[in-house]
Amino acid sequence: MTDDTIREPDQIRRDCARKLRSVEVSGMFSAILGCLLGEDWSTPRIEELRITPDRCLLARVEGESAFKAFIGAEADLIRNIHGVASVAGLDGDEVGYLVGRVAEIKGMP
């Protein structure tokens, strides 16, 4: 028997964060995931991420006013999300939540 309960987005976010918190990843990737999930997992904390028109991922670190940190390529971020999702046992809703957050930061001006 399956549980067909529909979860609210914040519940999906919390479930995703709970599962990912126990997976060992690099400090940078932990900071990126923390930012996407609204969690405080690093020092300094990434406050905001942005994807440029040429598909580069930039970060604005806590205390900074500009996006000074070049993180890498959008494609690498998506690939890494799918990789950690399988390790953490994320379900489709949780993977969709993370990928949706990436789409949101891509659409920012």
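When a residue number appears, it is its place in the shown sequence, counting from 1.
Side-chain atoms of Glu39 and Leu20, non-hydrogen and from C-beta on, never get closer than 4.5 Å to each other. No side-chain heavy atom of Glu62 sits under 4.5 Å from any side-chain heavy atom of Ile46. Using a 4.5 Å heavy-atom threshold, the side chains of Lys19 and Arg21 count as separate. Residues Arg79 and His82 fail the side-chain proximity criterion, which asks for heavy atoms closer than 4.5 Å. At a threshold of 4.5 Å between non-hydrogen side-chain atoms, the residues Val102 and Leu98 do not count as touching.
Salt bridge annotation for Arg60-Glu64: absent, with no cationic side-chain nitrogen under 4.0 angstrom from a carboxylate oxygen. Ion pairing between a basic and an acidic side chain is recognised when a charged N comes within 4.0 Å of a carboxylate O; Glu48 and Arg50 show such pairing. Ion pairing of Glu94 with Arg7 is present here, as a side-chain N (NZ or NE/NH1/NH2) and a carboxylate O approach within less than 4.0 Å. A salt bridge links Arg14 to Asp10: at least one charged side-chain nitrogen sits closer than 4.0 Å to a carboxylate oxygen.
At most 12 heavy atoms of other shown residues, nucleotides or ligands fall within 6.0 angstrom of atom CZ in Arg55.
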Worked check of side-chain contact (heavy atoms from CB on, under 4.5 Å) between Asp15 and Asp93 | CA-CA 10 Å; Asp15 291 345; Asp93 289 340; over 6 Å; no
Step by step, work out the side-chain contact (heavy atoms from CB on, under 4.5 Å) result for Arg45 and Glu47.
-> CA-CA 6 Å; Arg45 186 171 71 87; Glu47 289 196 0; 3.9 Å; yes
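None of Val25, Leu37, Ile81, Leu77 except one satisfies the side-chain contact (heavy atoms from CB on, under 4.5 Å) rule with Ile32; the exception is Leu77.
One finds the SG atom of Cys16 at 8.0 Å from the OH atom of Tyr97 (value rounded to the nearest 0.5 Å). Within the model, atoms CG of Leu90 and CZ of Arg18 stand 10.0 Å from one another, a figure rounded to the nearest 0.5 Å. Here the straight-line distance linking atom CD of Glu74 with atom SG of Cys56 works out to 9.5 Å at 0.5 Å rounding. Put simply, CG on Leu57 and CD1 on Ile105 are 5.5 Å apart, with the number rounded to the nearest 0.5 Å.
Side-chain N or O atoms of Asp76 include none that pairs as donor or acceptor with a backbone N or O of Gly72 at under 3.5 Å.
There is no path of hydrophobic side-chain contacts, each under 4.5 Å, that joins Val61 to Phe29.
When hydrophobic side chains of Ile, Leu, Val, Met, Phe, Trp and Tyr are connected at separations under 4.5 Å, Leu58 ends up clustered with Phe67, Phe70.
Pairing each heavy atom of Lys106 with each of Ile51, the nearest pair is CA-CB, 3.9 Å.
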